[in-house]
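Have a look at the structure below, then the notes.
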Amino acid sequence: MLRLIVVLSYLFNLSASAEYLLYSPERKNVEPVSYYFNGAFDVIQNPYYFSQENFWKKHKELFRRIGSPNHSIKRDGGYGKFFKDEFLTTRVVPNIGLHLIGGGYDTRLLQEYFKDKGASFPLLYAVTVSYLAHFGNEALELTNSNISSHDHIADLFIFDVAAVVLFQNDNVVKFFRDDLGMRHWHMQPMVESKKFDITNAGLNYIFRPDVFKSKVRPFLYLGMQTLAGGSYEFREKEFFSFAAGMALTDPLLQKGRFVTGLFYDKEDDLNWSVFMNGSEDYKIRMNLYPAFLRSRLGEFGFLIGARKGAEQVIGINYKLPLGLSYIF
């Protein structure tokens, strides 16, 4: 794996685009540590299927599973089952949507971030951060016995590698950015003050193509919550979006609860979002992002939510990759 990353880094940094296609130095629209927590703890949005307990112990088990891919694939049913499960069932949807497209987008974004910081091998740094996050996410998937080594091997060795290659092509990046209106709307990860668990983490992507050449556009929100709806551009590059869909409770059977979301974004930055009946058992969850509060209070981010039961959650982040939340 490391050799492959080094080779890819060397080859693609020879012909990397001189312009930034996804990263914005003015807005600083990615932060590697925050990205790690969003990616590594993405699956905790589904508390019915996954748990963040024994986080590092699960890493050890994950490395045991993927250390010998051939042996693991045969042990868990063979290559026929591997191909069927990962390419011919509904599992291929997150494989393509989140790992291939989302992972490729994020790796290219991180690559441009490290290039802006003057790194000699920005792709190597980007792939390292991306894979660390993916390793964490795959490790937490060990919580459920229905997830076999086939899932980890397909994600890490096929779709994640293909993602790096695919998004080195500038035309591919421009197609997703311009034609499909793809953007990353990742969450604001917070550490809970009492249990030191992570909450409010997640990797999310939106697609908003300007197919009607009007102020109204179709809107797709892709992540552990998958929603579809529409966006209205009430001022230039300012949108209100509404969408409804499903927050997964069983990712293999594609079962979940009905969830709705309302969003406001400006100049490609998500300013605030509100989810009703969404992931992590939140009855309601509002995130106010630094882009919304910057001109008023500084670089603040806020989380306000209520979970099913009696738990209320508030969180705050100030110029840090990880915020602090309190449950009462």
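Hydrogens, waters and symmetry mates are skipped; everything else that's a heavy atom, side chains included, is used.
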Between the OG atom in S148 and the CD1 atom in I153, the distance rounded to the nearest 0.5 Å is 8.0 Å

Sidechain N-carboxylate O distance under 4.0 Å for R108, D170: yes

Nearest-0.5 Å distance that lies between atom NE2 in H150 and atom CZ in F87: 11.5 Å

Measuring only between side-chain heavy atoms, which start at C-beta, is D76 closer than 4.5 Å to R65? no

Using the rule that two of Ile, Leu, Val, Met, Phe, Trp, Tyr join whenever any of their side-chain heavy atoms come within less than 4.5 Å, decide whether M190 and I284 are in one cluster. no

Heavy atoms from other residues, nucleotides or ligands near NZ of K266 exceed 12 (cutoff 6.0 Å): no

Any non-hydrogen side-chain atom of N287 less than 4.5 Å from a side-chain atom of F292? no

Kindly say whether G104 contributes a backbone atom to a donor-acceptor pair with the side chain of T107 at under 3.5 angstrom? no

Any chance you could lay out the side-chain contact (heavy atoms from CB on, under 4.5 Å) test for T260 and N277, step after step, and finish with the verdict? CA-CA 7 Å; T260 56; N277 198 39; over 6 Å; no

Is there a path of hydrophobic side-chain contacts, each under 4.5 Å between heavy atoms of I, L, V, M, F, W or Y residues, that connects Y289 with L109? no

Before you tell me yes or no, could you show the steps for F55 and I198 under side-chain contact (heavy atoms from CB on, under 4.5 Å), namely the whole-Å CA-CA distance, both residues' side-chain angles and the distance that decides it to 0.1 Å? CA-CA 11 Å; F55 182 65; I198 301 297; over 6 Å; no

Pair E141-N144, side-chain donor/acceptor within less than 3.5 Å: no

Candidate pair W272 and L262, rule side-chain contact (heavy atoms from CB on, under 4.5 Å), full reasoning: CA-CA 8 Å; W272 55 258; L262 183 64; 3.9 Å; yes

Closer than 3.5 angstrom, by distance alone: can the side chain of N95 be matched with the main-chain N or O of E86 as a donor-acceptor pair? yes

Rounded at 0.5 Å granularity, tell me how far CZ in F302 sits from CD1 in I314. 9.5 Å

Under a 4.0 Å threshold between the charged nitrogen and the carboxylate oxygen, would K174 count as salt-bridged to D178? no

Does some side-chain heavy atom of D265 sit less than 4.5 Å from a side-chain heavy atom of W185? yes

Expected output: side-chain N38 to main-chain M187 donor-acceptor under 3.5 Å: yes

Residue K283 excluded, over 12 heavy atoms near NZ under 6.0 Å: yes

May I ask you to check if R208 and F239 form a cation-pi contact, with NZ or CZ under 6.0 angstrom from the six-membered ring centre and within 45° of the axis? yes

What one should report as the nearest heavy-atom pair of I101 and F207 is CG2-CZ, 4.2 Å

Derivation of the ring-ring contact (aromatic ring centres under 6.0 Å, His included) call for Y125 and Y113: CA-CA 10 Å; Y125 284 101; Y113 167 88; over 10 Å; no

Find out if a path of hydrophobic residues (ILVMFWY) with successive side-chain heavy-atom gaps under 4.5 Å connects V129 to L22. yes

Between E280 and R285, does any NZ, NE, NH1 or NH2 come within less than 4.0 Å of an OD or OE carboxylate oxygen? yes

Please round to the nearest 0.5 Å and tell me the distance separating atom CG of N46 and atom OG of S279. 8.5 Å

Which atom names give the shortest non-hydrogen contact between T143 and L140, and what distance separates them? OG1-O, 2.7 Å

Would you say that V211 contacts P218 through its side chain, given a criterion of any heavy-atom pair below 4.5 Å between the two side chains? yes

Interatomic distance, F37 atom CZ to T199 atom OG1 [nearest 0.5 angstrom]: 13.5 Å

Answer yes or no: is there a side-chain heavy-atom contact under 4.5 Å between F114 and L124? no

Is it the case that one hydrophobic cluster holds both F258 and F242, taking links as side-chain heavy atoms less than 4.5 Å apart, direct or via other members? no

Carboxylate-amine/guanidinium contact K28 D269, below 4.0 Å: no

Are any side-chain N or O atoms of N200 and backbone N or O atoms of Q188, one a donor and one an acceptor, separated by less than 3.5 Å? yes

Heavy-atom pair of closest approach, residues P25 and D116: CG-OD1, 3.8 Å

Answer whether the closest heavy-atom distance between the side chains of V33 and L322 falls below 4.5 Å. no

Given the rule that I, L, V, M, F, W and Y join up when any side-chain heavy atoms are under 4.5 Å apart, are L166 and F157 in one cluster? yes

Quick check: are there more than 12 heavy atoms from other residues, nucleotides or ligands sitting under 6.0 Å from CZ of F196? no

Whether the side chain of R257 engages the backbone of G278 through a donor-acceptor N/O pair (distance < 3.5 Å, no angle test) should be reported. yes

When rounded to the nearest 0.5 Å, the distance separating CG of D281 from CD of E311 is 9.0 Å

Can you label the angle between the F63 ring and the F135 ring as parallel, tilted or perpendicular, going by 30° and 60°? tilted

Please evaluate residues Y49 and D250 with respect to the criterion side-chain contact (heavy atoms from CB on, under 4.5 Å), reporting the C-alpha separation (whole Å), side-chain torsions for both, the decisive distance (0.1 Å), and the verdict. CA-CA 7 Å; Y49 219 77; D250 190 325; 3.6 Å; yes

Main-chain N/O of N204 paired to H186 side chain as donor or acceptor, under 3.5 Å: yes

Can you tell if the side chain of L203 reaches within under 4.5 Å of the side chain of Y35, non-hydrogen atoms only? yes

Any ion pair linking E192 and R307 (charged N to carboxylate O, less than 4.0 Å)? yes

Check whether more than 12 heavy atoms from other residues, nucleotides or ligands sit under 6.0 Å from atom NZ of K237, and answer yes or no. no

Restricting to non-hydrogen atoms, name the atom on P189 and the atom on P321 that form the minimum distance, rounded to 0.1 Å. CG-O, 3.8 Å

Step through the shown structure and confirm whether more than 12 heavy atoms of other residues, nucleotides or ligands are within 6.0 Å of NZ on K74. no

Would you say E19's side chain and L21's backbone share a donor-acceptor pair under 3.5 angstrom? no

Heavy-atom pair with the smallest gap, counting every atom of K81 and D85: NZ-OD2, 2.6 Å

Is there a side-chain contact between M224 and I44 (heavy atoms, below 4.5 Å)? no

Is the backbone N or O of K57 less than 3.5 Å from a side-chain atom of N54, with the two atoms forming a donor-acceptor pair by type? no

Kindly give the heavy-atom pair with the smallest separation between L227 and G261, and that separation in Å. CD2-N, 3.6 Å

So F82 and Y79, would you call those rings parallel, tilted or perpendicular, with 30° and 60° as cut-offs? perpendicular

N/O donor-acceptor pair under 3.5 Å between K58 side chain and E53 backbone: yes

Lys/Arg N to Asp/Glu carboxylate O, E61 vs R64, below 4.0 Å: yes

Tell me whether H134 contacts the main-chain N or O of H99 through its side chain, where contact means a donor paired with an acceptor under 3.5 Å. no

Near-ring test F275/Y221, centroid separation under 6.0 angstrom: yes

Residue that, paired with F240, satisfies ring-ring contact (aromatic ring centres under 6.0 Å, His included) out of F263, F219, Y264, Y232: Y264

